[in-house]
Each structure stands twice: as structure tokens, then as C-alpha cells.
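Working notes, beginning with the structure itself.
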Amino acid sequence: MVRRMIMESFELEKYIDGHLNSTYNTLRMMEYTIPPLLDADDEESKVGLRAHTDKNMITILHQHEVDGLEVKTKDEKWIKVKPSHDYFLVMVGDSLCAILNGRVFCPYHRVMMMGKKKRYSTALFSVPKPEVIIVHQKSLSTKNIRVYSNPMNTKSFFTS
Ligand SMILES: O=C(O)CCC(=O)C(=O)O
Ligand SMILES: [Fe+2]
């Protein structure tokens, strides 16, 4: 649904079905244990998952009760995502950013473990199928924020 809305907002309606069929979904459930050397004054000791962008198209995330997820904004500030039963966080990944030629923001995010509780999260990743070639949409070429000039197959893209 979110991908459909994004494609519509760029007037790419005719590509929606092909785009949705170009991916598969994978669900991952994660458990983060309390870091053994947790020290409130030492940022490094709190890292549960290092800062990264997701390579896939879109990630839908839910964190259960214990917080820790942080997302970096365009102006380079880390913001904490509060856990809630009521919402899921949708994050754009590198593949969607590439096909839309950088017209959507693909944020760095990380997990920082603050307290004395294990943390659980669930993520649904939509991933380009292995045979898919990642190529940016020509009609979006004018605003070349991030350069993905060469079409790449999924394997090269994911390892680049
Ligand atoms: O556990 C989380 O909240 C984030 C997980 C994540 O970013 C990932 O698996 O790529
Ligand atoms: Fe991630």
C-alpha cells in the first residue's frame, strides 16, 4: 500500500504492478540481549545494531515495549522511535531510493540499548527478487541527488 502511494505520488502508476511483483517479503523477528558492558556514559557500549541503511525496497518495523530504535534525520540528528502497540514504522531502503533516483529519503538507523531489558522487534522486508535489475526511473532523472547511473542486478546491488 505504501509503495503504491509512493509510486502514485511520482505519477508512475503504470509501473506499480510490475514494481510490486518485482519483490518478495521476508519477516524477521529479532531479540537483542542486554549488552554485557553497558555503560550509560559510553555510546559504543550501548550499540545493539550499528547504523546502516536497509538495502531492500521498504522495511516495516515494530518494536515491542522496549525502545532502542533511532533514526537519523536529513539534518543528521538521531531521533528515538518510541515503541507503541498502535503503529508500525515504514522505512525506505536503498533499492527504492535507487529506482526513484534519490527522490525519497532512505534513513540511516541503529539500535541503542539503554536499559536493563531484552528488546524484541519484528521487521517485514520487501526485497527485490534475484533476477531483478535495479535501474532508476528515467522520468525522475532531473533531480540527481544520489547517483545510481548503472543498472545493477540485485546481487551486485546488495553487495556494493
Ligand atoms: O530491531 C530494529 O528495530 C531494527 C532492525 C533493523 O534495522 C534491521 O534488521 O535492518
Ligand atoms: Fe535496518
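One-based numbering, in listed order, for ligands and for the atoms of each. In this text the structure is predicted, and so the values were computed from the model without any measurement.
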Taking atom 6 (C) of ligand 1 as the reference point, the nearest protein heavy atom with its distance: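 The closest heavy atom on the protein side is L49 CD2, 3.4 Å.
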Shortest protein contact, atom 9 (O) of ligand 1 (heavy atom only):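 Residue, atom and distance for the closest contact: R28 NH1, 3.0 Å.
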Of all the atoms in ligand 1, which lie at a distance below 4.0 Å from a heavy atom belonging to [X]?
X	answer
V111	1 (O), 2 (C), 3 (O), 4 (C)
H109	7 (O)
L61	2 (C), 3 (O), 4 (C)
F125	8 (C), 9 (O), 10 (O)
Y32	1 (O), 2 (C), 4 (C), 5 (C)

Test side-chain contact (heavy atoms from CB on, under 4.5 Å) applied to V104 and I58, I99, I6, the passing residue: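 Per the side-chain contact (heavy atoms from CB on, under 4.5 Å) rule, the option paired with V104 is I6, out of I58, I99, I6.
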Residue-ligand contact M91/ligand 1, heavy atom below 4.0 Å: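 No, that is not the case, since the closest heavy atom of the residue is not under 4.0 Å from the ligand.
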Sub-4.0 Å heavy-atom contact, R119 with ligand 1: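 For ligand 1, residue contact (heavy atoms, under 4.0 Å) with R119 is present.
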Within reach of ligand 1, part of Q63 (heavy-atom separation under 4.0 Å):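 For Q63, there is no contact with ligand 1 at all, from either part.
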The Fe ion (ligand 2) - name of the N/O/S atom of D54 that sits closest to it: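 The atom in question is OD1.
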Heteroatom of H109 nearest to the Fe ion (ligand 2) (N, O or S, atom name):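 Sorting the N, O and S atoms of H109 by distance to the Fe ion (ligand 2) puts NE2 first.
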Gap separating the CG atom of L49 from the CE atom of M113, nearest 0.5 angstrom: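 Reported value, rounded in 0.5 Å steps: 11.0 Å.
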Distance (rounded to the nearest 0.5 Å) between S45 OG and L38 CG: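 Between atom OG of S45 and atom CG of L38 there are 5.0 Å.
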Indicate yes or no for a side-chain donor-acceptor contact from [X] to the backbone of [Y] under 3.5 Å, with no hydrogens or angles considered.
X	Y	result
T53	Y108	no
D39	D41	yes
R3	M57	no
T23	V127	no

Side-chain ion pair, K118 and E31, N-O less than 4.0 Å: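 Between E31 and K118 there is a salt bridge, with a charged N closer than 4.0 Å to a carboxylate O.
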